[in-house]
Amino acid sequence: MDKVIITAALTGAEVTKAHNPAVPCTVREMVREAKAASEAGAAILHIHVREDDGTPTQAKSRYAEVLEAIAGACPDVILQVSTGGATGMTLDERIEVLDLQPEMASLDCGTVNFGGDEIFVNTETMIIRMAERMREQSVFPELEIFDKGMIDTVIRLHKKDILRAPLHFNLVVGVTGGIGATPRDLLFLTESLPPGSTFTVSGIGRHQLTANTQSILLGGHVRVGFEDNIYLEKGVPAAGNADFVRRIARICESLQKKVATPAEAREILGMRRSQ
Ligand code: KMH
Ligand code: ZN
């Protein structure tokens with residue numbers, strides 16, 4: 001099926017309202033952004049949660065509130081929670097959200113310098129614990145890749161039956177400290193993926209649009225949204241996540257690709273559990 005899955009990463013843990021006042025923090029703002037993004041064509045919503053004042057949190061109680069409110073407003077969309085949280089959070093803190101048995105969750109596959117002097121820590125033991133907890137809770141993992149060695153880690157853990165097929169990757173390119181976002185970088189990543197896997201691409205900042213477009217040309221999927229980028233173009237802040245979704249949906253259309261519905265996305269990724 002030649003369709004493109006659009007993921008909208010609504011808020012992340014790093015950008016603030018000072019960067020762009022439309023970045024959602026409250027439950028009501030998250031629902032507003034979720035509804036607009038899914039109506040514009042996003043099949044998956046990548047969800048971080050914040051306190052009302054914008055502080056990132058991984059509290060299960062806050063996730064429960066946000067997930068329930070979004071599911072009420074957009075019943076079909078695939079909800080993918082973050083187990084990455086923000087740098088400096090403990091693993092226990094990051095994974096308590098899995099108790100809620102979300103349909104999908106991010107699983108970060110290695111340690112990386114993150115945006116300069118922050119370190120985003122994901123040791124092998126941590127990766128194994130996240131993978132095992134997701135399996136126990138029937139949560140479909142999206143494997144987050146910030147550099148090529150992380151794909152090799154996935155392949156190693158797949159051989160040990162810790163990570164099981166279907167393997168779905170998110171290639172995050174353009175993080176300061178991770179792999180770049182040139183066509184050569186992306187080809188290096190995509191050609192290193194195990195056969196039969198699926199992938200989406202997240203480009204950070206000004207790389208969002210170009211990396212997404214390269215992914216479509218390479219047969220992959222795309223992630224857009226405030227977590228990765230707050231500008232539609234240089235000096236022009238987006239009014240909401242849906243602006244990014246609409247723009248990449250138009251590019252899909254120009255390239256004669258259809259945008260996947262949530263049901264089609266589940267089929268493309270081989271997700272067994274339907275909610
Ligand atoms: N906020 C980053 C440190 C994920 O969601 O799994 C990690 C992150 C990845 O956003
Ligand atoms: Zn995230």
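Values below: all heavy atoms of this structure, side chains included; hydrogens, waters and symmetry mates excluded. This structure is a prediction, so every number in the text was calculated from the model and none was measured.
Taking the side chain as every heavy atom from C-beta outward, E103 and V139 never approach each other to under 4.5 Å. N229 has its side chain out of reach of V224: every pair of non-hydrogen atoms, C-beta onward, lies at least 4.5 Å apart. Looking only at side-chain heavy atoms (C-beta outward), T57 and R50 stay at 4.5 Å or farther from each other. A heavy-atom distance below 4.5 Å is found between the side chains of I151 and L189. You'll find the side chain of M134 reaches within 4.5 Å of the side chain of L98, heavy atoms only. Using a 4.5 Å heavy-atom cutoff, the side chains of I230 and P237 are not in contact.
A donor and an acceptor atom, one from each side chain of R223 and S202, are located under 3.5 Å apart. Side chains of T198 and H168: a donor on one and an acceptor on the other come within 3.5 Å. Side-chain contact annotation: H19 with T16, donor-acceptor N/O pair under 3.5 Å present. Judged by distance alone, the side chains of N212 and S215 never bring a donor and an acceptor atom under 3.5 Å apart. Using modelled atom types, one finds no donor on one side chain facing an acceptor on the other under 3.5 Å when comparing T90 with D92.
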Do L218 and F199 pass the side-chain contact (heavy atoms from CB on, under 4.5 Å) test, and can you show the C-alpha distance, the side-chain angles, and the key distance before you say yes or no? CA-CA 10 Å; L218 289 166; F199 68 94; 4.0 Å; yes
Passes side-chain contact (heavy atoms from CB on, under 4.5 Å), T111 versus M126? Steps please. CA-CA 10 Å; T111 297; M126 291 167 73; over 6 Å; no
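In summary, E132 and R129 do not engage in a salt bridge, as defined by a charged side-chain N under 4.0 Å from a carboxylate O.
With values rounded to the nearest 0.5 angstrom, F226 atom CZ is found 8.5 Å from T11 atom OG1. Considering NE2 of H221 and CZ of F169, their distance stands at 13.0 Å, rounded to 0.5 Å. With rounding to the nearest 0.5 Å, the separation of CE in M104 from CD in Q80 is 4.5 Å. Distance check, rounded to the nearest 0.5 Å: CZ of F114 to OG1 of T87 gives 7.5 Å. Atoms CZ and CG, from F188 and L171 in turn, are 12.0 Å apart once rounded to the nearest 0.5 Å.
Counting only residues at least two apart or on different chains, the salt bridge (charged side-chain N to carboxylate O under 4.0 Å, His left out) pairs with a member in residues 61-76 are D52-R62, R62-E65. Within the structure, every pair that satisfies the side chain to side chain donor-acceptor pair (under 3.5 Å) test and touches residues 246-261, not counting sequence neighbours, is listed here: D2-K257, D243-R246, T261-E264.
R135 places no side-chain N or O within donor-acceptor distance of the main-chain N or O of F140, the cut-off being under 3.5 Å. A donor-acceptor pair under 3.5 Å is formed between the side chain of T213 and the backbone N or O of L209. Put simply, the side chain of H158 gets close to the backbone of L163: a donor and an acceptor are under 3.5 Å apart. Between the side chain of E33 and the backbone N or O of N241 there is at least one donor-acceptor pair closer than 3.5 Å. Between the side chain of T200 and the backbone N or O of V222 there is at least one donor-acceptor pair closer than 3.5 Å.
In the displayed structure, R156 atom CZ is contacted under 6.0 Å by more than 12 heavy atoms of other residues, nucleotides or ligands. No more than 12 heavy atoms of other residues, nucleotides or ligands sit less than 6.0 Å from atom CG of D117.
Connectivity analysis of hydrophobic side chains (ILVMFWY, heavy atoms under 4.5 Å, direct or indirect) links L67 to L10, V27, M30, V31, L45, I47, V49, Y63, V66, I70, V77, L79, V81, V97, L100.
Taking all atoms of both residues into account, the shortest heavy-atom contact from G110 to N122 is O-ND2, 3.1 Å.
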